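Here the structure comes first, spelled out in structure tokens, and everything after it is commentary.
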Amino acid sequence: MIHMENLTKYYGELCAVDHINLDIHKGEILGLLGPNGAGKTTTIRMMTGFFRPNEGTIRVKDFSIEDQLLEIKKMIGYLPESAPLYYSMLVFDYLSYVAKIRGIQGKQILTRIKELSDLCGLSNMMHKNIAQLSKGYKQRVGLAHAMMCNPEILILDEPTSGLDPNQIVEIREIIRRIGKQKTVILSTHILSEAEATCDRIVIINKGKIVADGKTDDLKHSASEEVILNIGVKETSPESVISEFKPIQEVVRVERQHSTDPDILNFQIICRKSNGVDPRKTIYTKIKETNWVLVELHQQTKTLEHIFRELTRESN
Amino acid sequence: MNQLSHILGKEFKDYFISPIAYIVISIFLLVTGWLFFTTFFLYNQAMLRNFFNLLPLVFAFVIPAITMRLFAEELNIGSYEILLTMPVRFTDIILGKFFGGLLFVMTMLLPTISYAITVALIGDLDWGPVIGGYLGAVLLGAAYTAIGIFASSLTRNQIIAFIIGTAICFTLSIIDKMLYFFPQTLLGVINYLGADYHFQNIAKGVVDSRDILYFVSVCFIGLYGTHISMQEKI
């Protein structure tokens, strides 16, 4: 459906998006994840034709962004970050203006606005000035705007930012309902949101794609590894690290900050293998030494850990 | 073409949603009415020449105030992104906003016809120069609107847009009165650049294709500059 090749965007010297290749298929709900300033919004703005890429190209269906931008814009419904709408207009006036620009005619304008106001829960807000609306309602007007022409592709930039938990659930519900028939691309930096709504997750960091996969696959690969937090006494950090490093299942050993100066805290990331409980491996190892074990607990790895590992260097 | 008319309609309606329209129209009528009628009875002649004489200067301040929001406001609140990601061509956006602004300028001129009617009632008014004057006023208004839109597309700050627009329009209004500052050889060219010079020609009732060409060129340059400025932003 959408094909991006070598997509690159510079802001002066800064490379915001760095040679991205991505294919988005029909009917997918794709979550674009990344820390602040990773290049999510820039990528989205290039997809919608608001920015022109410095290098590379985007094709939507058979249309290319250089020559047939207008055709592409007709297929895309877009909600920019924080829904910048015309604040002086009434909600109804705004939506009918959008409908007219989108080429909806005559009586259909009213029916379409009615449908969307029911879908987005705007029926009581139609006569209000957009400037008077709360952030959640502005977001809903933005969503109605994006869905006006029943677009094949819906692009939402941080659709739930600044909303209260109830509104977040409602907007997610709407997105999932739409996502059954359409291709939806949404950007967010909230992981639980991507986990709850998206079929596929792409993580971007410093303008590059660092992970790309089905949400379930990513979650599965996360659960391949476990994190053990241990606290030991009467030893030195060096000997702890040299003791654990050689073990086959151990991926990484990291010293953690501890409140008690006598206790050394470590985080050990282990691979699950052959059904052996990693806790057992670690415990057996400690038993061979004369350290005092004061703490040992296991944490399952989540998407959040993957995200943090992949995007950590930027911090 | 259809989308152009929707944008035009929206921009024109927008003026009347906020108090700006009423304030600008009142100030315009107050200033022109006062300046015109204070000297009208001194000359004791039934003509509107004094009104049209001061129009370029008044327009140089009023029109940039009307056009300053057309792009700067959108850039500032970010709705520019929404406008540009809808299936509309740049030319539709620019021309829609231009004609929206021009329509407002014409609305603002409409009540001044009462000046002509008043004068016609108390004296023997020659309607030729009056019609020429209004034709010239619309052309002048179009040229200044194009310049104002260009200024507005340069910045997200409406005040800066107003100052840039006024600076250009004011220069065009007075440059033909500043000829003694320029070398002899350039006089013809600089005189030709002045908007006031061309406007006064038409306001005399002489509609010359050179004057019309001048205003059309200024419109084209202003709107083309806006197009370039929009291209630069993507």
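In the text below, chain A, chain B and the rest are named by the order of the sequence lines, each starting its count at 1. Model, not experiment: these values are computed from the prediction.
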* Provide the full list of side-chain hydrogen bond (donor to acceptor under 3.5 Å, both in side chains) pairs with a residue in residues 22-33 of chain B, sequence neighbours left out, each pair given once. => B:Thr32-B:Tyr115
* Structure fact -> Taking every heavy atom of A:Leu70 against every heavy atom of B:Arg89, the minimum-distance pair comes out as CD2-NH1, 3.8 Å
* Shortest non-hydrogen contact from A:Lys73 to B:Val88? -> NZ-O, 4.5 Å
Side-chain contact test, heavy atoms from C-beta onward, threshold under 4.5 Å: evaluate it for [X] versus [Y] and give yes or no.
| X | Y | answer |
| --- | --- | --- |
| B:Met86 | A:Lys74 | no |
| A:Ile155 | B:Thr85 | no |
| A:Phe51 | B:Lys233 | no |
| A:Lys100 | B:Gln3 | no |

* May I have the step-by-step check of side-chain contact (heavy atoms from CB on, under 4.5 Å) for B:Ile17 and A:Tyr86, ending in yes or no? => CA-CA 12 Å; B:Ile17 292 174; A:Tyr86 293 110; over 6 Å; no
Flag if over 12 foreign heavy atoms under 6.0 Å of [atom1], [X]:
| X | atom1 | result |
| --- | --- | --- |
| A:Asp62 | CG | no |
| A:Arg172 | CZ | yes |
| B:Arg210 | CZ | no |
| B:Tyr224 | OH | no |
| B:Glu232 | CD | no |
| B:Ile159 | CD1 | no |

* Just how far is it from atom NZ of B:Lys10 to atom CG of A:Asp93, taken to the nearest 0.5 Å? -> 11.0 Å
* **side-chain contact (heavy atoms from CB on, under 4.5 Å) assessment of A:Met89 paired with B:Asp14** => CA-CA 8 Å; A:Met89 291 175 102; B:Asp14 257 9; 4.0 Å; yes
For chain B, which of [options] has the most heavy-atom pairs under 4.5 Å?
| options | answer |
| --- | --- |
| A:Ile101, A:Thr48, A:Ile76, A:Leu90 | A:Ile101 |
| A:Leu85, A:Ile72, A:Val98 | A:Leu85 |
| A:Glu71, A:Met46, A:Arg52 | A:Arg52 |

* Structure fact -> Among residues 67-82 of chain B, those lying within the under-4.5 Å heavy-atom range of chain A are B:Glu74, B:Ile77, B:Gly78, B:Ser79, B:Tyr80, B:Glu81, B:Ile82
* Structure fact -> Turns out that what part of A:Tyr78 lies under 4.5 Å from chain B's heavy atoms comes down to side chain
